Amino acid sequence: MRIATWNVNSLTARLPRVEEWLGYAQPDVLCMQETKVADGAFPAMALSALGYETVNHGDGRWNGVAIASRLGVTDVQHGFGPDVDEQGCRLVAATCGGVRVHSIYVPNGRAVDSEFYKAKLAWLDELRRFVDLTCAPSDPVVIAGDFNVAPEDKDVWDPAEVSGATHVTEPERSALRALEDWGLVDSFRSLYDQDGLYSWWDYRAGNFHKHKGMRIDLLLLSEPLARRCRYALIDRNARKGRQPSDHAPVFVDLDD
DNA sequence: ATGGTTGCGAAGCAA
């Protein structure tokens with residue numbers, strides 16, 4: 001079973017690249033973020049033609065998360081719940097092929113002294129609470145998406161250059177660890193130890209070609225899935241060519 | 001170096 005995550009930065013703009021990628025990567029489940037498309041305008045037919053059932057949680061202009069699955073989509077949940085401010089459409093969950101799949105888009109946080117940064121930490125805390133309420137660590141669970149947090153310094157091109165900025169601060173990393181402490185494994189990192197492996201590169205200033213990126217797109221697996229994980233990949237090739245997203249897709253392969 | 005680029009939507013904001 002291949003489970004992928006990709007911040008597509010507008011599914012409308014990226015649909016040709018997403019169709020192309022589904023065609024050659026053949027994931028069973030693809031979690032997308034920043035679909036930037038309202039539910040009514042979601043390209044469900046195009047993805048259905050490729051064999052994927054889809055669910056979107058979007059209100060149009062910003063954010064938006066989706067799941068495409070060729071293993072079915074049941075028990076869909078949009079957002080944390082009616083009484084929780086989720087800061088836009090940032091979470092959708094569904095059961096796909098027996099796995100509880102969450103596609104998440106963590107708030108960016110902007111500047112560390114901003115209200116947005118505080119809201120980011122609060123959102124991560126809410127995610128921890130949500131997972132605890134809706135799943136057990138012994139369940140097959142994946143939290144996949146754009147976390148907007150680089151877990152360690154080796155997930156950043158130059159820790160000194162971004163020191164003190166969002167994505168790398170200790171409170172953000174601590175919030176991520178709190179989620180992992182519930183019983184989730186950053187399986188890409190447990191397979192590959194080296195630095196220089198990034199999933200996002202700013203469009204500006206030729207950062208991709210300068211290898212100035214961060215690893216902020218993660219697939220956190222509960223233990224029953226983590227022990228089945230033998231391979232993971234960040235598909236840098238999908239960051240190249242015509243009209244790429246600023247993020248590359250990431251996937252994990254689970255043994256049957 | 002406070003720049004640079006992309007998407008949305010039609011100016012400026014968010015990333």
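Lettering follows sequence order; numbering is per chain, from 1. Worth saying up front: this structure is predicted, and the values here are computed from it rather than measured.
Comparing the P positions of B/dG3 and B/dC13 gives an interatomic distance of 14 Å, to the nearest angstrom. For the C1' atom pair drawn from B/dG4 and B/dA15, the interatomic distance equals 13 Å after rounding to whole Å. Here, B/dT5 and B/dG9 have their P atoms 22 Å apart, quoted to the whole Å.
The listed nucleotides are B/dA15, B/dG7, B/dG12; the one nearest the side chain of A/R61 is B/dG12. Nearest nucleotide to the A/W62 side chain, out of B/dA15, B/dA14, B/dC8: B/dA14. Looking at the side chain of A/R14, the nearest of the listed nucleotides B/dA15, B/dT6, B/dC8 is B/dT6.
The aromatic rings of A/Y192 and A/Y231 lie perpendicular to each other, with more than 60° between the two planes, well past the 30° mark. The aromatic rings of A/W123 and A/F80 sit tilted, their planes meeting at an angle between 30° and 60°.
Residue order along DNA chain B, read from the 5' end via each residue's closest nucleotide, puts A/Q243 first among A/N63 and A/Q243.
Spacing between atom CE of A/M214 and atom P of B/dA15 amounts to 15 Å, rounded to whole angstrom units. Look at CG on A/D246: it is 17 Å from P on B/dA14, rounded to the nearest Å. Between A/E161 atom CD and B/dA1 atom P the separation is 12 Å, expressed in whole Å.
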I'd like a table of atom pairs between the protein and nucleotides 3-5 of chain B - only N or O on both sides, under 3.5 Å - with the distance next to each one.
from  : atom 1 : to     : atom 2 : distance (Å)
B/dG4 : O6     : A/R204 : NH1    : 3.3

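A salt bridge links A/R230 with A/D255; the closest basic N to acidic carboxylate O contact falls under 4.0 Å. A salt bridge links A/R129 to A/D125: one of the charged nitrogens lies within less than 4.0 Å of a carboxylate oxygen.
When the salt bridge (charged side-chain N to carboxylate O under 4.0 Å, His left out) test is applied to A/D85, no partner is found at least two apart in sequence or on another chain.
Looking only at side-chain heavy atoms (C-beta outward), A/L219 and A/V250 come within less than 4.5 Å of each other.
Among the heavy atoms of the strands lying under 4.0 Å from A/Y105 are primed sugar atoms or P, OP1, OP2 only; no base atom is included.
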